[in-house]
Amino acid sequence: LSSSIVAQASTQAIVNSTTAALSVSVAAQSSTATALSSSVVAQVSTQAVVNSTATALSVSVAAQSSIAAALSTSVAAQTSMQAQLLTVGDTVCNRPVCSSGTRPENGT
């Protein structure tokens, strides 16, 4: 009977130790779950910022393309007007034009 009591006491000590370890493990798991939940919230928030930034960049690229097209049209129009003005100037001022299409300097 005495041996049985000692064995039960030893078993009870093991049970108590295991219970304490499980309690610590549950606390650690709860802490980890809280940290993971916070991480998920942060990731969702970060994803929203990424999505918003991507949308803004897409709009910006479209605007840049539109501006580039307008500038290209403007440059072409300016080049055409410059050629027309030179032709008008040659005619009005009676400037000679070489056979190559260039204008001699100082009328020579």
Side-chain angles (χ1 to χ4, degrees):
L1 187 60
S2 178
S3 295
S4 176
I5 292 173
V6 169
Q8 285 179 352
S10 176
T11 301
Q12 188 61 49
I14 292 171
V15 168
N16 291 345
S17 173
T18 302
T19 301
L22 287 173
S23 177
V24 169
S25 174
V26 167
Q29 288 174 9
S30 176
S31 175
T32 301
T34 300
L36 286 173
S37 178
S38 294
S39 174
V40 167
V41 169
Q43 288 174 1
V44 168
S45 175
T46 301
Q47 188 61 50
V49 171
V50 167
N51 291 346
S52 175
T53 302
T55 300
L57 287 173
S58 177
V59 169
S60 174
V61 166
Q64 288 174 9
S65 294
S66 175
I67 291 168
L71 286 173
S72 177
T73 300
S74 175
V75 167
Q78 288 175 7
T79 302
S80 174
M81 286 192 294
Q82 183 179 17
Q84 290 172 0
L85 286 172
L86 284 173
T87 301
V88 168
D90 291 342
T91 302
V92 170
C93 298
N94 197 24
R95 287 187 289 221
V97 178
C98 298
S99 59
S100 65
T102 60
R103 289 159 185 79
E105 291 187 30
N106 301 325
T108 58

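Only this structure's heavy atoms are used, side chains among them; waters, hydrogens and symmetry mates stay out.
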**Student:** Thr53 side chain to Val49 main-chain N or O, any donor-acceptor pair under 3.5 Å?
**Tutor:** yes
**Student:** Under the 3.5 angstrom rule, does the side chain of Ser66 hit a backbone N or O of Ala62 as a donor-acceptor pair?
**Tutor:** no
**Student:** Determine whether a donor-acceptor pair (N or O, by modelled atom type, separation under 3.5 Å) exists between the side chain of Thr87 and the backbone of Ala83.
**Tutor:** yes
**Student:** Starting from Val50, walk the hydrophobic network (Ile, Leu, Val, Met, Phe, Trp, Tyr; side-chain heavy atoms closer than 4.5 Å) and list everyone else you reach, by chain and number.
**Tutor:** none
**Student:** So, Ser65 side chain and Val61 main chain: donor-acceptor pair closer than 3.5 Å or not?
**Tutor:** yes
**Student:** Atom CG in Asn16, atom OG1 in Thr11: separation rounded to 0.5 Å?
**Tutor:** 10.5 Å
**Student:** Using only atom types and a distance under 3.5 Å, with no angle test, would you say the side chain of Thr19 pairs donor to acceptor with the backbone of Val15?
**Tutor:** yes
**Student:** Quick check against the 3.5 Å criterion: does Ser25 have a side-chain atom that pairs as donor or acceptor with the backbone of Ala21?
**Tutor:** no
**Student:** So, does Thr79 use its side chain to make a donor-acceptor pair with the main chain of Val75 at under 3.5 Å?
**Tutor:** yes
**Student:** Any side-chain to backbone donor/acceptor pair from Thr55 onto Asn51? Under 3.5 Å, distance only.
**Tutor:** yes
**Student:** When Ile, Leu, Val, Met, Phe, Trp and Tyr are grouped by side-chain heavy atoms lying under 4.5 Å apart, directly or through other members, which residues fall in the same group as Val44?
**Tutor:** Val40
**Student:** State the CD-CG distance between Gln29 and Leu22, to the nearest 0.5 angstrom.
**Tutor:** 9.0 Å
**Student:** Output the distance between atom CG (Leu86) and atom CE (Met81), rounded to the nearest 0.5 Å.
**Tutor:** 12.5 Å
